[in-house]
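Order of listing sets the numbers, starting from 1, for every ligand and every atom in it. Position 1 is the first residue of the sequence, and the numbers go up from there.
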Amino acid sequence: MGKSLTYKILEEHLVSGTLKPGEEIAIKIDQTLTQDATGTMAYLEFETIGIDRVKTELSVSYVDHNILQTDFKNADDHRFLQSIAKRYGIWFSKPGNGICHQVHLERFAKPGKTLLGSDSHTPTAGGCGMIAIGAGGLDVAMAMAGKPFYLRCPKVVGVHLTGKLNPWVSARDVALYLLSILTVKGGLGKVLEYFGPGVKTLTVPERATICNLGTEMGATTSIFPADEVTKSWLIAQGRAEDFTELLPDEDAEYHEVIEVDLSKLEPLCACPSSPDNVKKVEEEAGKPVAQVIVGSCANSSLKDLLVVAKVLEKHRVHSDVCLEINPGSLQVLENLTLLGGFEGLLKGGARIHQSGCLGCIGMGQAPPTNSISLRTFTRNFPGRSGTIPDFVYLVSPETAVASAVKGVITDPRELGEYPEIILPDRFVLNDALLLPPLPEEEAKKVEIIRGPNIVPLPQFDPLPEDLEGVFLLKVGDNITTDHIMPAGAHILPLRSNLPEISKYVYKNVDSDFSKNALGIKEKGLAVGVVGGENYGQGSSREHAALAPRYLGVRIKLAKSFARIHRSNLINFGILPVVFKNPEDYEKIEKGDRFKIKGIREAISSGAKEIKIEIEGKGEVLGIVELSERERKCILAGSLLNLAKE
Ligand code: MIC
Ligand code: SF4
């Protein structure tokens, strides 16, 4: 049997392990990316490792998340990041240049390479034929230091595309269709590899949209082949030399195959409040809409905005709707303007923002109370918009603009003929906000600028002999990192200040969590959290592990864990334990005391099972599936301690 594209690239980058699903492998990382919200911490960690210059082929530091400067904090972080980039040989993408994933696709994505990014939507670059994986900041820091990236070898799911999308149906609908079958956990431990005759009908940004949203299925990453379409994209970006043709073998072996006939798809939407709560747009049609936003790393490419502009040349935004546009990048904005699209947006009544994540991560754009907001974003987790409760639908740009002009959720096919959209063969390139790395000698002289918001990392103590403590919280299935460590305009600016940001851990689930956890920690006890399936889905933010650890959390006991969060827990010395008998979940209540005798010995001897004594309720068995490297990390108390050892 032949090889999948995924295994071809992994094999070429394999540093240790064998390509057997579930086994720990280590791969060489060619490129890294960070964004500001995870980047400040990643670079503090990178500094601790003590390397003089990044060892990757290319590393980029983007500023796109925290671009709302309500006080000195974000502004200081930007300066810190810029000075770090100068000092260590890193590209720097200034605020306003665009969302990391969109810019990376335009300027740096390269077929056949590996990319590790401290953002869960890093797989967007899979649209350009690379293996692009999201990870915690510390893993990215290690990759910048030239260390390999460790992961469980994924299974490869072949997504066989046939047919061609109909007018008004777009890449978003392909992803929503897959979300409806795979759900938010169907991609766990898997790479989604697209193949078949339908592939050539999709442009690189469309492929990128599909890869981007594979993250919402829990997939390790997603990838498209690098073909003639990829070549034209790279030529249009002035990067013809970056092209290499990369295809799976004709008889490639896939662990599973999903068939998608593109011509059968219809406009879909993810209803509140989960990306897999998918319905046909026509089923939700007629509900009044207050806000519509087109943007985010999933859907703010040139074509996405041009279709909106073309519709607005003929129709006005409904008087009761606020239509907001968050361009994906400076390049998108400039090319849109040159093609007359900017004018179309203005004439039709759209409100235009700068390029960046903005409302997608709750930095402004909160919807009004009890109203429906339609967004072309990645996630509609409860409260992520900044309004609680919120009613956020995830849709395509086509459905977004149709609903914006009609004032109610509308199937875009009602708009009649699809507008003619001609994309340029060559984009106008503008790297005014993209700074290349400094030469080595010059870089060595650069001083790092630290504002008062940059607080050094604390020391993390090693795993004790026995673990005794309190399960302070019990939560259900699919808990997101937005539940654990919320974002938004008030909290995001604290990403480089651990003591401060920890005050917000689980804030919207249990407002006393942080205070009570510290109380338990002061008594010398450990804090535990009990969870259901797919615990920690969503973002790559390591703060969802780091901040709880700061509050004394040492164990999370769940039915299953999301990939990135599990790695982040281990990186910061929190033990991820899976229930041996899932029904034991019912046994434990919030406030229960627990004891694990000889935990240190058990972990160092490689025990697969541990006994957790629950006071007054007997024993619960937990499974600890850790590789040798992960065990060492837990014993040391954090990966940083281990790296220093
Ligand atoms: C997100 O979409 O949730 C974010 C904000 O981009 C995160 C990263 C972060 O929390 O900083 C992600 O997806 O990893
Ligand atoms: Fe930014 Fe939203 Fe994309 Fe995260 S999902 S990188 S917040 S645009």
Side-chain angles (χ1 to χ4, degrees), residues 33-42 61-68 74 77 81 93 95 97-105 116-125 132-137 139-140 172 175 208-209 211-216 218 221 275 293-301 304 326-329 332 353-365 375-381 383-386 392 394 480-489 491-496 501 504 536-547 562-565 567-568:
L33 74 77
T34 55
Q35 40 88 341
D36 51 312
T38 54
T40 46
M41 195 51 82
S61 169
Y62 294 93
V63 179
D64 53 0
H65 281 64
N66 292 325
I67 48 181
L68 202 65
N74 286 341
D77 283 356
L81 289 169
S93 175
N97 193 43
I99 306 173
C100 53
H101 310 303
Q102 176 66 27
V103 179
H104 209 84
L105 191 72
L116 194 70
S118 63
D119 191 281
S120 67
H121 293 103
T122 303
T124 313
I133 305 181
D139 284 327
V140 177
R172 161 75 58 163
T209 295
C211 290
N212 171 293
L213 290 164
T215 298
E216 302 321 314
T221 189
I293 317 181
V294 180
S296 97
C297 54
N299 262 133
S300 52
S301 70
D304 293 331
N326 304 347
S329 68
V332 166
H353 296 263
Q354 63 174 316
S355 298
C357 299
L358 313 178
C360 182
I361 191 53
M363 295 303 271
Q365 302 184 311
R375 302 167 164 213
T376 68
F377 293 176
T378 56
R379 300 181 165 143
N380 56 349
F381 298 149
R384 184 171 155 107
S385 68
V392 176
L394 305 175
T480 72
T481 51
D482 279 285
H483 289 104
I484 307 170
M485 185 74 263
I491 309 177
L492 264 194
L494 303 172
R495 285 282 180 96
S496 40
I501 203 168
Y504 298 90
Q537 67 158 329
S539 151
S540 69
R541 63 189 71 147
E542 59 189 349
H543 299 74
L546 194 49
R563 176 186 64 87
I564 309 181
H565 187 58
S567 300
N568 285 336

Is a donor on one side and an acceptor on the other found under 3.5 Å between the side chain of [X] and the backbone of [Y]?
{"X": "T124", "Y": "H101", "answer": "no"}
{"X": "N380", "Y": "V392", "answer": "yes"}
{"X": "R541", "Y": "P486", "answer": "no"}
{"X": "H121", "Y": "T215", "answer": "no"}
{"X": "N568", "Y": "S540", "answer": "yes"}
{"X": "R172", "Y": "N299", "answer": "no"}

Compute the minimum heavy-atom distance from [X] to ligand 1 and say whether it is under 4.0 Å.
{"X": "T378", "value": "no"}
{"X": "H543", "value": "no"}
{"X": "R379", "value": "yes"}

Quick test: of every protein heavy atom, which one is nearest to [atom], and how far off is it to 0.1 Å?
{"atom": "atom 7 (C) of ligand 1", "answer": "S539 OG, 3.2 Å"}
{"atom": "atom 13 (O) of ligand 1", "answer": "S120 OG, 2.6 Å"}
{"atom": "atom 11 (O) of ligand 1", "answer": "R495 NH1, 2.8 Å"}
{"atom": "atom 8 (C) of ligand 1", "answer": "Q35 NE2, 3.2 Å"}

Ligand 2 contact on Q35 by region, counting heavy-atom pairs under 4.0 Å:
neither
For D64, which part has a heavy atom under 4.0 Å from ligand 2: side chain, backbone, both, or neither?
neither
Using a strict cut-off of 4.0 Å, indicate which atoms of ligand 2 neighbour a heavy atom of D119.
6 (S)
Distance filter under 4.0 Å to [X] heavy atoms, resulting ligand 1 atoms:
{"X": "A37", "result": "11 (O)"}
{"X": "S540", "result": "12 (C), 14 (O)"}
{"X": "T38", "result": "9 (C), 11 (O)"}
{"X": "H65", "result": "4 (C), 5 (C), 6 (O)"}

Return the minimal non-hydrogen interatomic distance between [X] and [Y], and the atom names on each side.
{"X": "I361", "Y": "A487", "result": "CD1-CB, 3.4 Å"}
{"X": "G356", "Y": "N326", "result": "O-CB, 4.2 Å"}
{"X": "S120", "Y": "R379", "result": "OG-NH2, 2.8 Å"}

Between the side chains of [X] and [Y], does any donor sit under 3.5 Å from an acceptor?
{"X": "D77", "Y": "T40", "value": "no"}
{"X": "S539", "Y": "R384", "value": "no"}
{"X": "D64", "Y": "Q102", "value": "no"}
{"X": "D119", "Y": "T122", "value": "no"}

Among [options], whose heavy atom sits nearest [atom]?
{"atom": "atom 4 (Fe) of ligand 2", "options": "Q102, H101, H65", "value": "H65"}
{"atom": "atom 2 (O) of ligand 1", "options": "M41, R541, R384", "value": "R384"}
{"atom": "atom 3 (Fe) of ligand 2", "options": "C297, A298, S300, G328", "value": "C297"}

If you measure every N or O of D482 against every N or O of ligand 1, does any of those distances drop under 3.5 Å?
no
Backbone or side-chain N or O of D119 under 3.5 Å from ligand 1 N or O:
yes
Heteroatom N/O/S of C357 within less than 2.8 Å of atom 1 (Fe) of ligand 2
yes
Is the distance from atom 3 (Fe) of ligand 2 to the nearest N/O/S atom of C360 under 2.8 Å?
no
